[in-house]
Amino acid sequence: MVLNMPLKNHGNPIVFSNRSLNRVAGGNLCAGCGACAGVSPDKLTMELSPPGFLRPKEIAPLSVAEENRFSQFCPALGQTVDARGRSDHTLWGPYLEMRTGWSTDPEIRFAGASGGALSGLLLHLLESGEVDAVVQIAAATDTPIANRTVITTDRAGILAAAGSRYAPSAPLDHLTKLVGSGRRHAFVGKPCDVVALRALANERSEIAAAFPVLISFFCAGVPSEAGGRAVLTALGTELEEVESFRYRGQGWPGKATAMLKDGREASMSYHDSWGGILSKHVQHRCKICADGTGKAADIVCADAWESDAAGYPVFDEAEGISLIVSRTEEGLRVLKSAVAAGQIETDIFDVEHLAAIQPGQRERRRALLARLLALRLAGRPVPLYKGLHLWSAACQNPFLRNLKNFLGMFRRVLRARLRG
């Protein structure tokens, strides 16, 4: 089953009839998760807006009750984390256990972005009967650099969706339909997607029953579709010439690869595609995100990069190794069950090594408070974060680095005003 999203382009400024959505749009805070459209499908829909981000479009005004509810789950407006007795790391958030691991299925390990642990967990959940289906993201069929939400029920579907997709996705925009299906789903989404779904599941028992397992991954931000087009340009091709496209996978870290309609193949390294191009197209909300590591999920997977003598991550091609973070009792149970079933192999991991091999996550968390203060001073809306240790993370930065982040964000706001 495929849930296709409309891909339309609207150049006009987005104006909504209610206060909360206008605050999100006015501050450019939308993460594009689709939860608002998912819970109010008769009022909102998700569409592609310039330069290529998924944003809500109003069909009809929300009621007062719907708007009040919206403010409780929208990740653009904020996030609250409660450690509830778990280990609660300043940078990485609450967790019960961190390990490295990989799929014992060689094909899944190769196809996955980082060892196939996430795909292996999904396969275990399906084959064990713990869930009936998986909600995840795969490449769009009509626009190969774009994404679509898919419902997978077997190994072939999981393999087809394996590998990171550095493009906008709104996996919650068909939430009402998914809940109404009566199926139990494992949900795979960006940290912001999971924040919204967790809040909704805590509020409504039928949503919790429809999504018993929430899985996420470390996210460095969502690039626009323009970012994907820029990668194609660097590869010397255009979207119209592309038959299929993968951002990563087929090795670790895997290459950004375009398969052209004439049979040719063009590719570039992960370092060049993400570090040189895609990271420059990330949406504003991601630059002020307090949770790129899936703190609301049951279980989270990421790259467990090898590091060089200086402690920096190494992106040489190798057999994939995933970092697996069990954040809840449910997540830890699922992992242990997958290991016992022979789907996943794991090894010990020392959390003290994580800051070195995930420098992007580390630096964004440490810089966040300075960036938020700059936006507040400039009169811009910002998300409300509780329990995410903004001050403690900022204290890990030297004063001058915090000042640089503060001034950089403040200058960007002023330039945007001058252009507007």
Side-chain angles (χ1 to χ4, degrees), residues 1-5 101-167 169-174 177-178 181-190 193 210-217 242-261 263 265 267 299 301 319-322 324 334-335 337-345:
M1 177 181 176
V2 175
L3 302 180
N4 290 305
M5 293 176 290
W102 50 89
S103 171
T104 57
D105 182 322
E107 191 175 10
I108 288 179
R109 185 176 187 180
F110 182 71
S114 57
L118 195 156
S119 297
L121 289 167
L122 297 178
L123 185 59
H124 170 68
L125 287 167
L126 285 173
E127 292 187 343
S128 65
E130 290 202 37
V131 301
D132 305 309
V134 174
V135 180
Q136 59 185 146
I137 297 300
T141 53
D142 55 350
T143 308
I145 60 172
N147 289 330
R148 57 178 175 159
T149 304
V150 296
I151 312 302
T152 53
T153 57
D154 55 24
R155 181 178 181 276
I158 288 171
L159 267 173
S164 297
R165 297 289 305 173
Y166 299 121
S169 62
L172 295 173
D173 71 336
H174 286 79
K177 184 184 296 184
L178 291 169
S181 73
R183 283 175 158 180
R184 298 164 300 155
H185 305 86
F187 177 84
V188 184
K190 304 180 297 297
D193 304 332
F211 298 96
V213 183
L214 307 187
I215 300 176
S216 193
F217 43 82
V242 177
E243 181 69 29
S244 64
F245 183 82
R246 65 174 181 268
Y247 287 89
R248 275 187 67 188
Q250 303 296 305
W252 187 48
K255 296 182 178 182
T257 304
M259 298 298 297
L260 307 185
K261 293 176 181 178
E265 178 179 305
S267 64
I299 195 163
C301 293
E319 282 197 308
I321 302 176
S322 302
I324 308 173
V334 168
L335 176 60
S337 177
V339 171
Q343 291 279 13
I344 302 290
E345 186 173 339

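The figures that follow rest on heavy atoms only: side chains count, while hydrogens, waters and symmetry mates do not.
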message: Given 3.5 Å as the limit, does a donor-acceptor pair link the side chain of Ser169 with the main chain of Pro171, or not?
response: no
Heavy-atom nearest pair, Ser337 first then His124, reads OG-NE2, 2.7 Å
For Asp154, the side chain to side chain contact (heavy atoms under 4.5 Å, CB included) test, sequence neighbours excluded, returns Ala156
Between Val131 and Ala186 the two heavy atoms that sit nearest each other are CG1-N, 3.8 Å
When rounded to the nearest 0.5 Å, the distance separating OG1 of Thr153 from NE2 of His185 is 10.5 Å
d(Tyr166 OH, Tyr247 OH) to nearest 0.5 Å is 10.5 Å
Of all heavy-atom pairs linking Ile324 and Cys301, the shortest is CG1-SG, 4.4 Å
Gly189 and Phe217 have their tightest heavy-atom pair at O-CE2, 3.5 Å
In this structure, CD of Gln250 is separated from CZ of Phe110 (nearest 0.5 Å) by 5.0 Å
The reported gap from CZ in Arg165 to NZ in Lys190 (rounded to nearest 0.5 angstrom) is 12.5 Å
Rounding to 0.5 Å, atoms CZ (Arg183) and CG (Leu178) come to a distance of 9.5 Å
How about Val242 and Ile145: do any of their side-chain heavy atoms sit closer than 4.5 Å? no
Review point. Quick one: are Val188 and Ile137 in side-chain contact, heavy atoms under 4.5 Å?
Key: no
For Ile321 and Trp252, the nearest pair of non-hydrogen atoms, with its separation, is O-CZ2, 3.5 Å
Contacts of Leu159 meeting side chain to side chain contact (heavy atoms under 4.5 Å, CB included) (sequence neighbours excluded), chain-then-number -> Glu107, Ile108, Ala111, Arg155
_What verdict does the side chain to side chain contact (heavy atoms under 4.5 Å, CB included) test give for Ser181 and Asp132, after you've listed the backbone C-alpha separation in whole Å, the side-chain angles of each residue and the deciding distance to 0.1 Å?_
CA-CA 11 Å; Ser181 73; Asp132 305 309; over 6 Å; no
Distance col, row Ser164:OG vs Arg246:CZ, nearest 0.5 angstrom, shows 12.5 Å
How about Ile215 and Leu125: do any of their side-chain heavy atoms sit closer than 4.5 Å? yes
- prompt: Ignoring hydrogens and geometry, is there a side-chain-to-backbone donor-acceptor pair from Arg248 to Pro253 under 3.5 Å?
  reply: yes
Those residues at least two apart in sequence (or on a different chain) that pass salt bridge (Lys or Arg N to Asp or Glu O under 4.0 Å) with Glu319 are Arg109
Original post:
Is there a donor-acceptor contact under 3.5 Å from the side chain of Ser267 to the main chain of Ala256?
Top reply: no
On a heavy-atom basis, the closest approach of Ala139 and Pro144 is CB-O, 4.1 Å
Checking Leu126, Leu335, Val213 against Leu121 for side-chain contact (heavy atoms from CB on, under 4.5 Å), the one that qualifies is Leu335
Are any of the side-chain heavy atoms of Ile151 and Val135 separated by less than 4.5 Å? yes
Report task. Start with the C-alpha distance between Gln343 and Leu123, add both sets of side-chain angles, then the distance that settles side chain to side chain contact (heavy atoms under 4.5 Å, CB included), and finish with yes or no. Result -> CA-CA 8 Å; Gln343 291 279 13; Leu123 185 59; 3.9 Å; yes
- [ ] Walk me through it: do Ile158 and Gln136 pass the test side chain to side chain contact (heavy atoms under 4.5 Å, CB included)?
- [x] CA-CA 9 Å; Ile158 288 171; Gln136 59 185 146; 4.0 Å; yes
